[in-house]
Structure formats: C-alpha cells, structure tokens
Amino acid sequence: MDSADQFRFTHLPHPAPVPAARRTELLANPGFGRVFTDHMAVVRYKEGQGWHNPTIEARAPIPLDPAAAVLHYAQEIFEGMKAYRAADGGVVMFRPDANARRFYQSAERMAMAPVPDALFLAAVRELVRADRDWIPTGENASLYLRPFMIASEAFLGVKPSSEYLFIVIASPVGSYFSGGAVSVWVSEDYTRAAVGGTGAAKCGGNYAASLLAQREAKTHGCDQVLFLDAVEHRWVEEMGGMNIFFVLDDGSLVTPPLGGTILPGITRDAILTLARDRGLTVREEPYSIDQCYADAASGRLKEAFACGTAAVVTPIGRLCGHRGEVVIGSGNGADPVTESLRGALIGIQRGQNPDPYGWVQHVA
C-alpha cells in the first residue's frame, strides 16, 4: 500500500446485525473470548500487488483452501489489545502503536509480509468505531481486539507464502481470571521457547506448545503454568500467556530479561516504566526457580504477579511443582505493590488518571 487512499476502508453492509436487545443481554456477562461483535476488518496481500482491498464487513467464516499454507506450515501471528470506555464517555485504546510494532516484528520473524503500522492502526480503529456499541461498561470490562494474519496461498512445499489475510475481530470481555490471587504450576518437563526460536514472536505455535503444560497445571489444581529456560531448566522465563514479576522484601522488582525467548509484553513494558517512575528499583535479570522457592520460604519474596493484556496485573498466591508448594506474600492477592501498580495502570488505561506517557489514544 503506497497511497493514503488505500488505507481507507470500505464499509460493507451487514445483512443481519445482532439486535440491540440481544446485544445488551450478551454484554451483561460476556465472559472472556466467547462473545463476538458484528464486524471484522479484512485486508488481503498478494506478492507483486501488496496490501489491498481493506474492508469492514460482517464477521463470518473465512473461505480457505485445504492446501492453505497456514494449515500446513503454521505461518500465523496475532496480537491482543483492548478498547475501553473512558471516564469522559469516549473510547480509548492503550498503546496501539506498540502492538503495531510488535505485529510487524512477529511477521518478519515468521517470514510473512509485514503489515505497515498505519494500516494496522487504521484497521483496529475502523473496527472499534464500527462496533462501538459492543464495548461493555464496568470496572473490568473492555472490548478485546484480536488482529491476526494467516498465510492463505494454496501450495504444498516448505517456503514462505506469497498471499496473506490480515483480519481483526473483536470480543467484549470481562475479567480473564475470576478474581483474587492465582496459583501457578512450575513446568519442569516442557519448555515454551529456545534461543534462536520464535519465543519473542506472538505466533500461535508458541501457545500450542504451552497447552500440554497448561493442562498439567490444571490437573494439579493450578490456574496457570510457569516455564523455565530450555537449556538448564533453571531460570524463570514466562507464564503460559503472560509475563511475570517478583517483589522482594526491599521493595525492588525482578523480572526475567527478554533475551529472545520471552515475548516483549506491552503491559510488561508499561509496568517497568510505572515502577521506575515511582522510585522503585527494577532489575531485569535472571531469577532461578531454586532462588524463587528459597526466597518464598524465607519471606524475602513478598509478592509476585502476572501481567498481560488479558490478565492486566494479576497477583500470584501459590507456586506449585514437583519440588513442593510455597505461598507467596499474603497468598490471597492483597499485596500493596501489586495493587498499587495495577491501580496506576488501569487508571491510565481508562482515562481516570493523567497520562504523562502518551499511551492512551482516543478512537471515538
């Protein structure tokens, strides 16, 4: 797409949008990722033609050839982001430009055609405007946005596709977790990513690799799984779908360094900024699972929390694994540093607090 006109989306009429009364019923208790809005944004790519034909159209199944490259060679990436009802009645998004950059980087890692940032942002904004009435109200409610790209060329042979579909869908959501602190299972049998792999890309294969470990966590009564490094199985990396922070007894925060095996979370980056601006010492450094257990047992480890677009900031109350179980902090999520950072982040996201970082963008 070279011309600004090509970023203008054509809005196609919806033959049967959800009636307003039914939409109200769905928004009363949407859960997470189960209810979807009326529309989707769709843009196509073909080698030699580039990105073309951007539309906002009725959400519907995607026609796909059985030989489409995504089905055989897993060329697929996605993002997760949210739109919120702001305190002034408008609609805002939190750092969508950061999502656009990460989407571009994920595409490059997966040998896919990158989506220009301007096109990514236009697609998200147009969809939010089209489905504004689907944005729920409430303290933990938002419109979850899922931009994704798949390889759509039909062929059998290991090479990058020459055709892609870039699509954005939306889902009104409540809280990702039911509330309170979550319990975490330490996976010592499975790893999520290795150096030189796709750990820093937001691609479906990373999440597929986590599902067996996540199932193992559930069988042990835990909400989430925590992965260790792939080489020594010693160093804490990240959870099944979110980053992790630890709060020590001196008030400092520790989080694993990115290093190519950990997804560079946008919420993670915001927490780093907020913590440092509050005068907290933050260290991005390796933290071993042995040290984590020892610090929890001795009381040096006061708090731990997960963070991500879906989870926002969620306290961790228990750490479980083959080596036993330890309670972190209060065990119930009533932890001061975690709650303070969570409140600061949510306040900015929803326009309740000043935004000195320029993170919030008005959409409608």
Side-chain angles (χ1 to χ4, degrees), residues 1-14 36-81 83 93 96-131 144-171 198 200-208 263-264 266 363:
M1 282 192 162
D2 299 318
S3 166
D5 290 342
Q6 292 178 289
F7 293 108
R8 294 178 184 172
F9 280 70
T10 300
H11 287 246
L12 304 179
H14 195 303
F36 297 94
T37 66
D38 287 314
H39 298 92
M40 62 184 184
V42 181
V43 194
R44 292 163 175 80
Y45 176 91
K46 188 170 185 178
E47 198 170 277
Q49 187 175 0
W51 292 102
H52 61 281
N53 194 29
T55 60
I56 300 294
E57 57 191 69
R59 182 181 176 274
I62 304 168
L64 204 60
D65 192 284
V70 64
L71 302 176
H72 302 272
Y73 309 112
Q75 272 193 297
E76 182 271 353
I77 58 172
F78 68 96
E79 273 299 319
M81 52 202 301
M93 288 190 296
D97 51 330
N99 291 98
R101 287 195 299 272
R102 189 170 66 181
F103 197 73
Y104 194 102
Q105 291 161 0
S106 293
E108 289 189 316
R109 176 60 185 87
M110 301 300 290
M112 304 174 77
V115 175
D117 289 4
L119 175 56
F120 179 98
L121 294 170
V124 171
R125 289 177 183 137
E126 287 296 312
L127 182 61
V128 171
R129 289 168 181 152
D131 284 338
Y144 184 83
L145 302 163
R146 172 53 60 87
F148 66 98
M149 177 165 51
I150 61 173
S152 55
E153 182 186 2
F155 70 93
L156 297 178
V158 182
K159 72 173 186 69
S161 177
S162 64
E163 297 177 15
Y164 297 94
L165 282 173
F166 168 49
I167 299 174
V168 187
I169 57 176
S171 173
T198 59
K202 198 166 178 67
C203 60
N206 292 343
Y207 295 82
L263 184 73
I266 293 164
V363 181

Item to complete: May I ask you to test the His11-Glu126 pair for a side-chain heavy-atom distance under 4.5 Å?
Response: yes

Worksheet item: So which heavy atom on Tyr207 is nearest to which on Leu263, and how close?
Response: OH-CD2, 3.9 Å

Discussion item. Can you list everything that forms a side chain to side chain donor-acceptor pair (under 3.5 Å) with Ser106? Sequence neighbours excluded, please.
Written reply: none

Practice prompt. Can you measure from NE2 (His39) to CD1 (Ile169) and round to the nearest 0.5 angstrom?
Written response: 14.5 Å

Fill in: Spacing of Arg59 atom CZ and Asp131 atom CG [to the nearest 0.5 Å]
10.5 Å

Response to the item:
Nearest heavy-atom contact between Ile56 and Ala130 is CG2-CB, 4.0 Å

Worksheet item: If you measure from OG on Ser152 to NZ on Lys46, what distance do you get to the nearest 0.5 Å?
Response: 10.0 Å

I'd like a table of donor-acceptor pairs (distance under 3.5 Å, sequence neighbours excluded) in which one partner is a side-chain atom from residues 67-79, with atom names and distances.
| residue | atom | partner | partner atom | Å |
| --- | --- | --- | --- | --- |
| His72 | NE2 | Pro66 | O | 2.8 |
| Tyr73 | OH | Gly157 | N | 2.8 |
| Gln75 | OE1 | Ser161 | N | 2.9 |
| Gln75 | NE2 | Met110 | O | 3.0 |
| Gln75 | NE2 | Ala111 | O | 3.1 |
| Gln75 | NE2 | Tyr164 | OH | 3.3 |
| Glu76 | OE1 | Gly204 | N | 2.7 |
| Glu79 | OE1 | Asn99 | ND2 | 2.7 |
| Glu79 | OE1 | Arg102 | NE | 3.3 |
| Glu79 | OE1 | Arg102 | NH2 | 2.7 |
| Glu79 | OE2 | Arg102 | NE | 2.9 |

Discussion item. On a heavy-atom basis, which atom in Pro147 and which in Met81 lie closest, and how many Å separate them?
Written reply: CG-SD, 3.8 Å

Worksheet entry | Of all pairs that satisfy salt bridge (Lys or Arg N to Asp or Glu O under 4.0 Å), the ones with a partner from residues 64-74, not counting sequence neighbours | none

Discussion item. As an exercise, state the distance from CG of Leu145 to CG of Leu127, rounded to the nearest 0.5 Å.
Written reply: 6.5 Å

For residues 114-122, run the donor-acceptor check on the side chains, cut-off 3.5 Å, and write out each pair with its distance to 0.1 Å, sequence neighbours left out.
none

Discussion item. Counting C-beta onward and ignoring hydrogens, is there a side-chain heavy-atom pair between Phe7 and Pro54 closer than 4.5 Å?
Written reply: no

Practice prompt. May I ask you to test the Arg129-Val363 pair for a side-chain heavy-atom distance under 4.5 Å?
Written response: yes

Response to the item:
To the nearest 0.5 Å, atom CD1 of Ile150 lies from atom CG of Leu165 at 5.0 Å

Worksheet entry | With sequence neighbours excluded, residues passing side chain to side chain contact (heavy atoms under 4.5 Å, CB included) with Tyr144 | Phe32, Lys82, Arg146, Val173, Thr309

Practice prompt. Could you check if a side-chain atom of Cys203 sits within less than 4.5 angstrom of a side-chain atom of Thr198, using non-hydrogen atoms only?
Written response: yes

Worksheet item: Taking only residues two or more places apart in sequence or in another chain, which ones pass side chain to side chain contact (heavy atoms under 4.5 Å, CB included) with Thr55?
Response: Thr10, Leu12, Val42, Asn53, Glu57

Fill in: Side-chain heavy-atom pair Met112, Tyr45 within 4.5 angstrom cut-off
no

